[in-house]
Each structure stands twice: as structure tokens, then as C-alpha cells.
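All values below come from the heavy atoms of this structure, side chains included, with hydrogens, waters and symmetry mates left out.
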Amino acid sequence: MTLPTLLDIEASGFGRGSYPIEIGLARADGSSYAFLIQPLEEWTHWDPKAELLHGISRARLKREGLPVQQVARWLNDELGNIGIAYSDSWGYDNTWLSLLFHHAGMLPAFRLEALRILLKDHQLALWHVAREALIQELGIHRHRAAEDARLLQLTYLRTRELTGAS
């Protein structure tokens, strides 16, 4: 079975004016990768509560983040041939992804879809319990983009196994 490619975005906050600060992918082969994003000058919104969740400071982004164009190019290179990635927070992630590509002056070579469209009702019923079990078993640190994307992918796989889906 081929695993779906999952995308996760960490952001400066959840309100108006928030922007992407880290994008992570869990690839179909199970590997995962993430990039920090250098904030643009006009990206000033910063929610200290969001920083408490993801643990990424604005200073670190300025120091270690990659330019928006480089991250957008990487995403297109990674996802252009696949054509699709999935997100559990489509509304937020699609907005932040659109913002990234807009400021990069590029169009995405893929589309982002809601993970929900891949899930059967019996998978949804088991989702929360399966995810929490995986967090405990694997010692996953939440709210970092690569680990969250991989957790989504593993939870998808676990719920398929638990329900006997092929």
C-alpha cells in the first residue's frame, strides 16, 4: 500500500495576519522533512501562545529560516509529480500555503486536500485513540511540522490496520 503524502504547517498564530513558519512533509515512503521559513518584513503577527506550542522563536526563524521562494520551490519539486498532498487542518494550512506561494510569486504545482476525504467513518471513529497511542509508543513531540505530518501518516496507517482496510 502506498501511503498518502501528508503536509503540516506551523504558524505564527491562528488569527488574522498569521503566516507559515515551518512546513513539513511525510513522504509516501515514510520519510519526513521540514523547513523553517524566514518571515518577511511585513509578516509581523506573533502569538506567544503559538510559540509555546511549537517552541520556535521569531529570532530562530530569522537566523535559520529559508526564504519563501526557496521553500515554495522545494514544495513544488517534492509534490509536483505526485500532484497532491493531504492536511488534517485544510482550512488553516491551505490559507498559509497560499500566502507562502503568493509572496514567492509562484503557483503551486500540486493541490492540498483535506485528509478527511481519505478516511472511512470507522477510521474516523478510531482516529483520536490511535493517534494518542502512537504519540505514547513513539515519543512523538507534537507541534513540529515534520513530526506532526508523520504522526498523521502513521495514524492513517494504524486506523486502516485496526479496521482491516486494504
Side-chain angles (χ1 to χ4, degrees), residues 1-119 127 131 135 140-157:
M1 176 188 83
T2 302
L3 292 172
T5 299
L6 275 292
L7 181 141
D8 186 72
I9 299 177
E10 297 300 325
S12 65
F14 291 101
R16 186 180 166 119
S18 64
Y19 51 88
I21 65 165
E22 184 182 43
I23 295 186
L25 284 181
R27 298 176 177 116
D29 66 4
S31 64
S32 59
Y33 204 79
F35 284 110
L36 294 175
I37 302 167
Q38 202 172 72
L40 299 173
E41 287 298 319
E42 60 266 33
W43 290 357
T44 58
H45 177 275
W46 193 258
D47 185 342
K49 292 179 204 159
E51 184 177 344
L52 284 175
L53 281 178
H54 50 63
I56 303 166
S57 70
R58 190 164 162 84
R60 181 175 177 198
L61 292 174
K62 287 181 177 181
R63 207 174 46 248
E64 300 174 23
L66 298 176
V68 295
Q69 295 87 353
Q70 189 173 345
V71 176
R73 257 192 313 279
W74 174 75
L75 285 167
N76 275 346
D77 289 346
E78 283 284 324
L79 299 171
N81 288 337
I82 301 164
I84 191 166
Y86 298 91
S87 164
D88 71 329
S89 296
W90 185 87
Y92 283 116
D93 289 346
N94 197 50
T95 299
W96 292 320
L97 198 60
S98 296
L99 184 68
L100 176 89
F101 275 93
H102 171 77
H103 284 282
M106 299 169 64
L107 293 173
F110 62 94
R111 72 183 193 280
L112 188 65
E113 291 286 349
L115 175 60
R116 169 68 179 96
I117 68 171
L118 296 179
L119 302 174
W127 189 268
R131 186 187 67 200
I135 290 168
I140 292 175
H141 300 288
R142 294 291 320 280
H143 304 293
R144 289 305 303 268
E147 287 208 32
D148 281 357
R150 182 67 178 138
L151 176 60
L152 291 170
Q153 195 178 57
L154 291 170
T155 306
Y156 171 81
L157 184 59

Flag if over 12 foreign heavy atoms under 6.0 Å of CG, Leu52: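 Yes, enclosed.
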
Residue Trp74 excluded, over 12 heavy atoms near CH2 under 6.0 Å: yes

What is the distance from atom [atom1] of [X] to atom [atom2] of [Y], rounded to the nearest 0.5 Å?
X	Y	atom1	atom2	answer
Ile21	Leu36	CD1	CG	7.5 Å
Leu6	Asp148	CG	CG	10.5 Å
Ser87	Arg116	OG	CZ	14.5 Å
His54	Ile9	NE2	CD1	12.5 Å
Gln38	Leu66	CD	CG	7.5 Å
Arg142	Glu10	CZ	CD	8.5 Å

Closest heavy-atom pair and its distance - [X], [Y]:
X	Y	answer
His45	Gly17	CB-O, 3.1 Å
Gly24	Ala149	O-CB, 4.0 Å
Ala145	Ala34	CB-CB, 4.4 Å
Ile37	Glu22	CD1-N, 4.1 Å
Ala11	Ala50	O-CB, 4.0 Å

Set of residues satisfying side chain to side chain contact (heavy atoms under 4.5 Å, CB included) with respect to Leu118, sequence neighbours excluded: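 Counting only residues at least two positions away or on another chain, Leu118 forms a side chain to side chain contact (heavy atoms under 4.5 Å, CB included) with Pro4, Tyr86, Leu115, Tyr156.
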
With sequence neighbours excluded, residues passing side chain to side chain contact (heavy atoms under 4.5 Å, CB included) with Leu79: Thr5, Leu7, Leu25, Leu75, Ile82, Ala85, Phe110

Would you call [X] and [Y] a side-chain contact if the rule is heavy atoms closer than 4.5 Å?
X	Y	value
Ile56	Arg144	yes
Pro108	Asn76	yes
Ile135	Arg131	yes
Leu154	Leu3	no
Pro20	Trp43	yes
Tyr19	Val68	no

Residues Glu147, Arg150; criterion side chain to side chain contact (heavy atoms under 4.5 Å, CB included); working and verdict: CA-CA 5 Å; Glu147 287 208 32; Arg150 182 67 178 138; 5.7 Å; no

Mutual orientation of the aromatic rings belonging to Trp96 and Tyr92 [parallel < 30°, tilted 30-60°, perpendicular > 60°]: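 It falls in the parallel class, under 30°.
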
Check against side chain to side chain contact (heavy atoms under 4.5 Å, CB included), Trp46 and Leu61: CA-CA 12 Å; Trp46 193 258; Leu61 292 174; 3.8 Å; yes

Selection residues 65-80 - residue pairs positive for salt bridge (charged side-chain N to carboxylate O under 4.0 Å, His left out), sequence neighbours left out: Arg27-Glu78

Worked check of side chain to side chain contact (heavy atoms under 4.5 Å, CB included) between Ile23 and Asp93: CA-CA 9 Å; Ile23 295 186; Asp93 289 346; over 6 Å; no

N/O donor-acceptor pair under 3.5 Å between Trp127 side chain and Thr155 backbone: no

